[in-house]
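Both counts, for ligands and for their atoms, begin at 1 and track the order of listing.
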Amino acid sequence: MIRKLKHGSVELVIGNIVDQRTDAIVNAANTKLAGGGGVDGAIHRAAGPELKELCLQFPADENGRRCETGHVQVTTAGKLAAKFVIHAVGPFYNEKYAEKAHAQLRQLHVHALQAAIDHNCKSIAFPAISTGAYRFPIADAARIAIASVCSFLDANIGIELVRFVLYKQGQYDTFKLALDDWSAK
Ligand code: APR
């Protein structure tokens, strides 16, 4: 499904993030940008070893961190169809610090969209960041991701298409509900 906002559209699809031909795809990365499983593993496998080399060129702090939670780093995309990979570090969900995690997930989506504009991207594809290994409850993650993206597209010119690529039907249904709720406001 696709829904038009003031300055661009939001699309929901079931699929694999690595297959997207958008200008940018967003990776569900970790602070070390050293690769991992899930989305991160799939993107690195499909992009080829060049992607890790590019990631490791970002300076690391004393703990090996190359990107803070809620922030992004941008590389080219190796063998992928996309031009750029926006490596975004979502929060690991802990109920005790839920408000902080909500704010970081919101911030991450805004940073990724801004980075896409800075790299002249007109289209960008997001997976459901933090909802796998980082255990963010899917309904909350969907509500936050949809609200962040829709507010951004209502307020900023530059991105024509934001696609959420959901891995499973249940995740798609949850994102669709969040988008319907947003549109009904
Ligand atoms: N395409 C789209 N969605 C996918 C794909 C794929 N190829 N593979 C997994 N998913 C879905 C999962 O079902 C989940 O809902 O993406 C969502 C995010 O899952 P993760 O990849 O585990 O990302 P996250 O929860 O943000 O955890 C990040 O996991 O792999 C490590 O290095 C990564 O440490 C980081 C952490």
Looking only at distance, does [X] have an N or O less than 3.5 Å from an N or O of ligand 1?
X: K168; result: no
X: I17; result: yes
X: A28; result: no

Which atoms from ligand 1 have a heavy atom of [X] less than 4.0 Å away?
X: G36; result: 30 (O), 32 (O)
X: A128; result: 17 (C), 18 (C)
X: D40; result: 30 (O), 32 (O), 33 (C)

- Message: Using every non-hydrogen atom in the two residues, find where A82 and A77 come nearest and quote the distance to one decimal.
- Response: O-CB, 3.2 Å
- Item | Heavy-atom closest pair, residues I86 and A24 | CD1-CB, 3.9 Å
Return the closest protein heavy atom for [atom] as residue, atom name and distance.
atom: atom 35 (C) of ligand 1; value: Y134 OH, 3.5 Å
atom: atom 13 (O) of ligand 1; value: Q171 NE2, 3.3 Å
atom: atom 6 (C) of ligand 1; value: Y167 CE1, 3.3 Å
atom: atom 7 (N) of ligand 1; value: N16 OD1, 2.8 Å
atom: atom 25 (O) of ligand 1; value: G132 N, 2.8 Å
atom: atom 21 (O) of ligand 1; value: V39 N, 2.8 Å
atom: atom 14 (C) of ligand 1; value: T131 OG1, 3.4 Å

- Task: Look at atom 20 (P) of ligand 1 and find which of A88, A34, A133 reaches it with the closest heavy atom.
- Result: A133
- Query: So between G37, G38, A42, whose heavy atom ends up nearest atom 31 (C) of ligand 1?
  - Reply: G37
- Of all the heavy atoms in S130, does at least one lie under 4.0 Å from an atom in ligand 1? yes
- Which of these, V72, I146, V149, sits in a side-chain contact (heavy atoms from CB on, under 4.5 Å) with H109? V149
For [Y], is there any backbone N or O sitting under 3.5 Å from a side-chain donor or acceptor partner on [X]?
X: R66; Y: L33; result: no
X: H111; Y: G70; result: yes
X: N30; Y: V89; result: no

- Item | Ion pair K83/D23, N-O distance below 4.0 Å | yes
- Message: Strictly below 4.0 Å, N to O, side chains only: are D173 and K176 in salt-bridge contact?
- Response: no
- Message: If you apply the rule side-chain hydrogen bond (donor to acceptor under 3.5 Å, both in side chains), what do you find for Q20 with R163, and how did you get there?
- Response: CA-CA 9 Å; Q20 305 308 310; R163 179 181 296 153; 2.8 Å; yes
- Query: Below 6.0 angstrom between ring centroids: does that apply to F126 and F164?
  - Reply: yes
